[in-house]
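Bear in mind the structure is a predicted one, so any value in this text is a computation, not a measurement.
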There are 2 protein chains.
Amino acid sequence: MTQVRAMRADARRNYERLLKVAAEAFAEHGEGASLDDIAKRAGVGSGTLYRHFPTRRALLEAAYVDRVEGLARRADELAERLPPGEALTEWLYELCVGTIQVRGLGSLLGSAMAGTEGGVTPTVCGTRVRGAAERLVSAARGSGSVRGDVEPVELLRLAYGVAGAAELGGGGGASIRRYLTLLMEGLRG
Amino acid sequence: MTQVRAMRADARRNYERLLKVAAEAFAEHGEGASLDDIAKRAGVGSGTLYRHFPTRRALLEAAYVDRVEGLARRADELAERLPPGEALTEWLYELCVGTIQVRGLGSLLGSAMAGTEGGVTPTVCGTRVRGAAERLVSAARGSGSVRGDVEPVELLRLAYGVAGAAELGGGGGASIRRYLTLLMEGLRG
DNA sequence: ATACCGTACGGAGGGAGTCCCCGGTTCGCG
DNA sequence: CGCGAACCGGGGACTCCCTCCGTACGGTAT
């Protein structure tokens, strides 16, 4: 439905430069990074930016789609290598790390995990990350590492919360592990 | 140390109007509410606002000091009425509710729970809320509802995280209770 | 009761940013 | 090589923050 015709070469160049610069800017300044500044740093006019990405959210999502899909693939990788419970915990850990270190990614994931009651159109990132969580959680249930009455999306939200908690403390990866462990102990089957 | 001399009557009036309006505005729009707008709604010029509260944080803190002290008193009240474990859980629940419903209060509490490693001057709100948590946690430890190796401030941060998680889902008080329960089960002695 | 002094007020205004649009210009596909 | 697609970058309309300074009013001393 998108992309009715191939992009012109310069358009494609600019598009990709914008994505790269945007990913950096959002990582550093969070969701609210200056769009004019992103355009400037990418060496394009602001008009060009708005033509490719009509809204801030569109740019944010495009900038991190790769990363989110990587996260989803990583889930399957971990599922193969580790026992179900550990795979889940490790994946949530990496999710938290991304949420904290890359600030814009955090808000993107946040809205991906938000409720979809009000007929909100599900985003690509949302479906990817939810799908990954479902696969890991159902395996973990089988092995008794997670109670049967905990929904995958609830776990995602709790992990998001853990990231928020760890961010306050500032203890880095160690405090994420700690908080996540405390949480997972409460979820055993 | 403050208040070397009584405020003039009009100054006091304005001061209090500002506090009231600011509490509403921060509750609705979060920490970033427009200061010009607050001044306007309070019927004062923006200069007056800045004279009383030199920074946004100063206003935010002044607007919610009462509420935070109320929360601290509430801790002692609950401690008298309920068994230690329940008192702690209930208090954390009420903390989460405030964090979510009153958005500005959320960010204030957030920074109150943040790390103080870098010689940050502890705020009034920070000491109050930490003090309350310490009293409740030490009682709860005695009764075995909380493991001995969990610091009060860690619990505060985790509760803050739970609030964030519950906010994503939008299930209101019920989801706070649920997430908090899941968490507390992992913390038993 | 009044006059004086200084505190506190108001709101205009400059600077910074954001978003979006427009007109002329350049690029590159066919 | 021609023409349409895409670019550039400046500018307008907005919002927000914060400072400044002439002015008004409250409190007090007479």
**Student:** For Arg74(B), is there an ion pair with Glu69(B) - N to carboxylate O distance below 4.0 angstrom?
**Tutor:** no
**Student:** Please assess Arg130(A) against Glu134(A) for the test salt bridge (Lys or Arg N to Asp or Glu O under 4.0 Å), listing each intermediate value before the final yes or no.
**Tutor:** CA-CA 6 Å; Arg130(A) 281 162 192 255; Glu134(A) 259 157 48; over 6 Å; no
**Student:** Does either side chain, that of Arg157(B) or that of Ser175(A), offer a donor lying less than 3.5 Å from an acceptor on the other one?
**Tutor:** no
**Student:** Does one hydrophobic cluster hold both Leu92(A) and Leu82(A), with members joined at side-chain heavy-atom distances below 4.5 Å?
**Tutor:** yes
**Student:** Please tell me whether Phe53(A) and Tyr15(A) form a close aromatic pair, meaning their ring centres lie under 6.0 Å apart.
**Tutor:** yes
**Student:** Which whole-number value in Å describes the distance from Leu60(A) CG to dC19(C) P?
**Tutor:** 12 Å
**Student:** Would you please confirm or rule out a distance under 4.0 Å between OP1 or OP2 of dA8(C) and any side-chain N or O of Asn14(B)?
**Tutor:** no
**Student:** Near DNA chain D, which residues from residues 40-53 of chain A have a heavy atom under 4.0 Å away?
**Tutor:**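 The answer is Gly43(A), Val44(A), Gly45(A), Ser46(A), Gly47(A), Thr48(A), Arg51(A), His52(A).
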**Student:** What is the distance, rounded to the nearest whole Å, between atom CZ of Arg56(A) and atom C1' of dT18(C)?
**Tutor:** 8 Å
**Student:** One pair to check against side-chain contact (heavy atoms from CB on, under 4.5 Å): Arg56(B) and Phe26(B). What are the steps and the verdict?
**Tutor:** CA-CA 11 Å; Arg56(B) 174 183 292 276; Phe26(B) 284 136; 4.0 Å; yes
**Student:** Under 3.5 Å, is there a donor-acceptor pair between the Arg57(B) and Thr123(B) side chains?
**Tutor:** no
**Student:** Specify the separation, in whole Å, of atom CZ of Arg13(B) and atom C1' of dG27(D).
**Tutor:**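 Taking atom C1' of dG27(D) as the reference, CZ of Arg13(B) is at 13 Å.
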**Student:** CG of Asp36(B) versus P of dC16(D): gap in Å, rounded?
**Tutor:** 7 Å
**Student:** On DNA chain D, does the nearest nucleotide to Ala9(B) precede the nearest nucleotide to Thr55(B) from the 5' side, or the other way round? Give the residue.
**Tutor:** Thr55(B)
**Student:** Just the atom pairs and distances: protein N or O near nucleotides 3-6 of chain C's N or O, under 3.5 Å.
**Tutor:**
from	atom 1	to	atom 2	distance (Å)
dG6(C)	N2	Arg8(B)	NH1	2.9

**Student:** Under 4.0 Å between a Lys/Arg side-chain N and an Asp/Glu carboxylate O for Glu77(A) and Arg73(A)?
**Tutor:**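 The answer is no: the pair does not qualify as a salt bridge.
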**Student:** Please determine if Glu185(A) and Arg147(B) form a salt bridge, counting it only when a charged side-chain N lies under 4.0 Å from a carboxylate O.
**Tutor:** yes
**Student:** From CG of Asp37(A) over to P of dT18(C), roughly how many Å is that when rounded to an integer?
**Tutor:** 8 Å
**Student:** Taking only heavy atoms on the protein side, list every residue of residues 23-33 of chain B lying under 4.0 Å from any atom of DNA chain D, sorted numerically.
**Tutor:**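 DNA chain D contact set from residues 23-33 of chain B: Ala33(B).
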**Student:** So if I take every side-chain heavy atom of Leu35(B) and compare against dC27(C), dC17(D), dA8(C), which nucleotide ends up nearest?
**Tutor:**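 When the side chain of Leu35(B) is considered, dC17(D) is the closest of dC27(C), dC17(D), dA8(C).
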**Student:** Please determine if Asp36(A) and Lys40(A) form a salt bridge, counting it only when a charged side-chain N lies under 4.0 Å from a carboxylate O.
**Tutor:** no
